[in-house]
Number of protein chains: 2
Amino acid sequence: MSGQQRLEGRRALLAEIRRAGRIPRIDLAERTGISRATVTTITADLLREGLIEEVARESGSRATGRGRPKVDLKIRGAARLIAGAKVSRQSVSMVLLDFEGTQLADLEVTLDRAVHAPEDFADMLGGCLDRLAASIGRQRSEISGFGVGIAGVVDAPRGFVYWSPSLDRRNIRLGPIMRDRIGMPVHVDNDANLVAVAEKSFGLGQDHSDFIVVTIEAGVGMGIVIGNELYRGTRGCGAEFGHTKVHLDGALCRCGQRGCLEAYVADYALLREATYAGGADYDLEGLLAAARAGEPLALSILQRAGRMFAMGLANLVNIFDPELIILAGEQMRFDHLYAEEVIAAMREQIVQVDRDPPEVVVHEWGDLMWARGAAGYALEQVSEAAVAGEDADAA
Amino acid sequence: MSGQQRLEGRRALLAEIRRAGRIPRIDLAERTGISRATVTTITADLLREGLIEEVARESGSRATGRGRPKVDLKIRGAARLIAGAKVSRQSVSMVLLDFEGTQLADLEVTLDRAVHAPEDFADMLGGCLDRLAASIGRQRSEISGFGVGIAGVVDAPRGFVYWSPSLDRRNIRLGPIMRDRIGMPVHVDNDANLVAVAEKSFGLGQDHSDFIVVTIEAGVGMGIVIGNELYRGTRGCGAEFGHTKVHLDGALCRCGQRGCLEAYVADYALLREATYAGGADYDLEGLLAAARAGEPLALSILQRAGRMFAMGLANLVNIFDPELIILAGEQMRFDHLYAEEVIAAMREQIVQVDRDPPEVVVHEWGDLMWARGAAGYALEQVSEAAVAGEDADAA
DNA sequence: GGAATAAATTTGTAAATCAAATTAAATCAG
DNA sequence: CTGATTTAATTTGATTTACAAATTTATTCC
């Protein structure tokens with residue numbers, strides 16, 4: 001339906017409309033550098049294909065002034081249905097988005113086991129998709145793409161999982177397996193990468209081209225955005241911030257190596273140290289409470305974790321020089337890592353030049369946001385397919 | 001002379017010709033996906049503009065077989081003249097390249113001072129350019145671009161120097177100042193970045209899209225190539241590998257901070273430790289010799305440096321997942337860092353998946369190669385200007 | 001010397017972009 | 001209420017561009 005040169009323009013315009021939310025044609029022409037004539041032609045195509053729609057002007061400039069009024073264009077939400085899932089040890093969180101990125105439904109499922117065979121994994125998620133779609137009166141077959149976030153080491157473009165704590169074997173072509181079983185394009189990625197996608201698509205990274213997201217859950221993860229694109233390393237094995245070494249021959253990590261950052265800041269690391277040194281049998285809440293109460297041992301443990309974390313962050317800054325670092329995590333229980341003194345310590349350890357250090361912001365959110373990141377990744381892919389004219393026709 | 005769409009094709013073809021060295025039109029069409037007709041048209045333009053030239057077939061397939069023989073195209077060296085300089089504490093190394101990247105002349109100048117006012121710095125280098133050009137019977141005014149590598153923190157796109165040990169003040173718009181004084185486009189960058197450019201343009205990185213170059217001189221530097229492009233960070237302050245922290249509150253570094261990698265592996269760090277611990281008044285050669293002779297103290301010092309270096313490298317791999325790491329340096333005196341056991345230690349500290357670890361190669365070279373990197377950077381810029389039709393006419 | 005082969009060029013056509021002209025939809029002035 | 005004014009959007013016509021197909025060119029083989 002559309003030639004080859006056209007693709008570039010279509011992509012640019014759809015991206016700009018998505019970025020802007022609502023925008024009239026004349027501004028599109030201005031911002032993309034594409035002539036008004038071509039903007040008219042291309043947007044007419046996109047309108048006919050149902051990917052965008054016209055809406056009455058409302059935002060901001062209400063008093064329009066004279067002249068023919070602008071007509072805003074926006075992404076047509078109903079154009080596609082997109083699903084995303086984040087799989088953790090005990091649960092699956094899912095969301096269903098429309099083509100605009102608006103959340104239509106969500107679902108939380110508790111798992112009876114943590115480790116799955118790939119086929120069972122696919123079927124289980126397929127079942128969840130059915131329920132998710134049914135909850136708003138739709139069908140699984142109406143969904144155009146499915147993004148899946150999973151812990152472990154993933155080569156996203158190939159959908160290949162080197163290793164994941166959720167799978168019972170290594171080196172699985174999970175993407176293709178799931179696509180065949182579920183009957184739609186499935187896009188798998190490391191969960192921390194998907195948080196970066198979520199921040200880029202829906203969150204604090206929308207206006208930044210280069211930033212880093214650090215996630216703290218059971219382990220420590222990272223996603224890197226360079227030049228508005230997620231950087232995944234040559235074969236998807238990068239961004240393993242948690243296994244960055246902060247001490248030569250240091251504390252033993254779950255991964256079997258020594259001195260990993262994770263071995264100083266993760267839950268199990270804190271508890272291990274508390275038990276080992278104090279004798280008192282803390283759980284995590286207890287340890288945090290004790291620290292808040294000023295108990296010296298607990299305080300010392302958390303402080304060391306904070307200093308190690310600051311050092312790891314400083315290394316990231318010294319290597320990447322990002323505009324922004326987003327610390328993303330669910331709980332208040334990582335207060336000790338997000339504390340102002342930790343950030344200050346980081347600032348002291350970066351290369352000093354006459355320039356503002358990178359902004360550091362804390363963004364707290366829950367499991368659903370991880371799932372939204374996964375859906376955001378699928379949305380990117382579906383959007384590209386749609387703009388390229390693979391007419392997986394509208395709903 | 002050429003429209004707007006054409007630019008993309010021109011760029012692609014010139015880049016492919018540069019990459020290939022010599023290549024017939026039909027292969028260009030195949031590799032770039034541009035039709036043979038268009039390849040003919042565009043290469044005809046480039047020929048007319050003098051940027052490329054036809055050469056008789058010779059390389060490889062001598063026995064041509066039947067049919068009209070292929071005619072190789074190559075970059076026309078005479079099209080432009082490009083200069084590059086690396087400024088160190090005591091000296092300046094310069095090279096003059098032709099448009100093909102062939103070295104036409106070089107120059108080494110000893111400096112009577114290490115720190116310069118920006119204007120003097122420009123004039124001094126301008127004088128060197130005169131001598132360099134004169135040495136092959138050309139004039140400064142015939143040079144189309146000048147790349148300058150300098151130690152310190154540089155924002156290359158702006159030509160802005162936050163700080164450099166070679167300049168007597170901070171925060172200088174060195175690029176524009178030099179352009180105005182020298183009368184040609186001047187492109188300034190951090191010297192370690194330029195080694196990465198040299199490897200990408202002329203060295204071991206030619207066939208890799210993502211790699212890291214680590215340089216060891218007095219300090220430790222790094223250049224990062226991502227997606228065939230040098231990554232410079234948001235404002236040019238990234239890639240400070242030497243000031244990556246490898247020990248919490250560790251050894252004191254020249255930069256005033258503690259625990260920097262540099263404070264464990266740089267010359268001064270080794271000597272400091274030897275003096276402090278041994279009493280014996282080593283110089284660097286003596287220390288290395290002692291280690292080779294099996295002297296325990298010397299051995300222990302170098303071994304620790306090696307282990308710290310391995311840890312730093314492992315962190316880079318865990319963050320970037322590059323295809324390739326190039327260790328670039330002048331002297332054999334860094335043998336202890338390039339040793340197989342150091343590389344092996346690095347391999348043990350990266351995240352383990354069923355995949356080959358990144359290749360690590362050692363590339364020894366001298367000061368002139370840094371200057372070639374600077375020239376390579378200028379060559380990129382001049383090449384872009386030429387292909388975009390800024391007819392800074394040929395020689 | 002002609003058939004065969006393969007590279008490179010030319011030719012004619014379809015696609016796409018853009019500037020300029022035109023149309024559309026509003027406000028404002030009297 | 002009517003016509004001038006203003007600005008957005010569309011249409012028109014010319015130009016650029018890329019390409020497939022046909023043709024030309026340069027070589028080897030028999």
Side-chain angles (χ1 to χ4, degrees), chain A residues 1-14 16-17 20 22-48 52-74 387-389, chain B residues 1-14 16-17 20 22-48 52-74 387-389:
Chain A
M1 184 128 294
S2 55
Q4 210 61 5
Q5 338 269 91
R6 191 104 310 179
L7 196 68
E8 207 170 328
R10 285 167 62 89
R11 232 192 302 254
L13 289 181
L14 198 70
E16 190 55 45
I17 294 171
R22 336 177 128 241
I23 184 173
R25 289 171 177 74
I26 193 165
D27 292 2
L28 277 176
E30 168 119 25
R31 292 201 204 170
T32 61
I34 295 171
S35 76
R36 294 183 320 198
T38 307
V39 168
T40 291
T41 325
I42 292 181
T43 53
D45 286 348
L46 295 174
L47 278 166
R48 189 163 24 74
I52 61 174
E53 61 191 352
E54 289 189 335
V55 286
R57 208 89 215 291
E58 51 163 332
S59 60
S61 48
R62 198 74 198 83
T64 36
R66 5 218 264 173
R68 179 174 176 172
K70 306 179 183 189
V71 179
D72 276 335
L73 298 172
K74 64 181 275 293
V387 84
Chain B
M1 186 129 293
S2 55
Q4 210 63 3
Q5 337 269 93
R6 191 116 289 193
L7 199 70
E8 206 170 329
R10 285 166 62 90
R11 232 192 299 255
L13 289 181
L14 199 70
E16 191 55 44
I17 294 171
R22 340 175 126 240
I23 184 172
R25 290 172 176 80
I26 193 163
D27 293 2
L28 277 176
E30 168 118 24
R31 293 201 205 170
T32 59
I34 296 171
S35 76
R36 292 178 325 190
T38 307
V39 168
T40 291
T41 327
I42 293 181
T43 53
D45 286 349
L46 295 175
L47 279 167
R48 190 164 24 72
I52 62 174
E53 61 192 352
E54 290 189 336
V55 286
R57 208 88 214 292
E58 51 161 334
S59 60
S61 49
R62 198 74 197 81
T64 37
R66 3 219 264 175
R68 179 173 177 170
K70 305 177 182 189
V71 178
D72 277 335
L73 298 172
K74 63 182 275 292
V387 85

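Every chain is numbered from 1 and lettered A, B, ... according to where its sequence line falls, protein lines coming before strand lines. In this text, all values refer to a predicted model and were calculated from it rather than measured experimentally.
Note: CZ (B:Arg10) to C1' (D:dT16) measures 15 Å, nearest angstrom. In this structure, the CD1 atom of B:Ile42 is 15 Å from the P atom of D:dT16, given to the nearest Å. In this structure, B:Arg68 places its CZ atom 6 Å from P of D:dA26, rounding to the nearest Å. Atom-to-atom, CZ of A:Arg22 to C1' of D:dA8 comes out at 18 Å; the value is rounded to the nearest Å. We find that CD1 of B:Ile26 is positioned 11 Å from P of C:dT9, with the value rounded to whole Å. Atom CG of B:Asp72 and atom C1' of C:dA7 are 12 Å apart (whole Å). In this structure, B:Leu7 atom CG and C:dA16 atom P are separated by 20 Å, rounded to whole Å. Between B:Arg31 atom CZ and C:dA7 atom P there is a gap of 14 Å when expressed in whole angstrom units.
Distance check, rounded to the nearest 0.5 Å: OG1 of A:Thr43 to CD1 of A:Ile23 gives 11.5 Å.
Inter-residue side-chain proximity for A:Asp72 and A:Pro24 is flagged as met; some heavy-atom pair is nearer than 4.5 Å. Taking 4.5 Å as the limit, some side-chain heavy atom of A:Leu73 sits within range of a side-chain heavy atom of A:Glu54. In this structure, A:Arg11 and A:Leu7 have side chains that are in contact, with non-hydrogen atoms separated by less than 4.5 Å.
Of the candidate nucleotides C:dA25, C:dA6, C:dA16, C:dA16 has the atom nearest to the side chain of A:Arg6. Here C:dA7 is the nucleotide among C:dA24, C:dT10, C:dA7 with the atom lying nearest to any side-chain atom of B:Lys70.
Using a 4.0 Å heavy-atom criterion, one finds that A:Arg36 contacts the bases of the nucleic acid, with or without backbone contacts as well. Across all strands shown, A:Val71 has heavy atoms under 4.0 Å from sugar-phosphate atoms exclusively, and none from any base.
Contact annotation: B:Arg25 side-chain N/O to C:dT9 OP1/OP2 distance is under 4.0 Å. When the side-chain nitrogen and oxygen atoms of B:Arg66 are compared with OP1 and OP2 of C:dA7, none of them lie within a distance under 4.0 Å.
Between the side chain of B:Arg10 and the backbone N or O of B:Val387 there is at least one donor-acceptor pair closer than 3.5 Å.
Heavy-atom distances to DNA chain C give each of A:Thr38 and A:Gly67 a nearest nucleotide, and the one nearer the 5′ end belongs to A:Thr38. Each of B:Ile34 and A:Thr40 was assigned the nucleotide of DNA chain D with the nearest heavy atom; the assignment lying further toward the 5' end belongs to A:Thr40.
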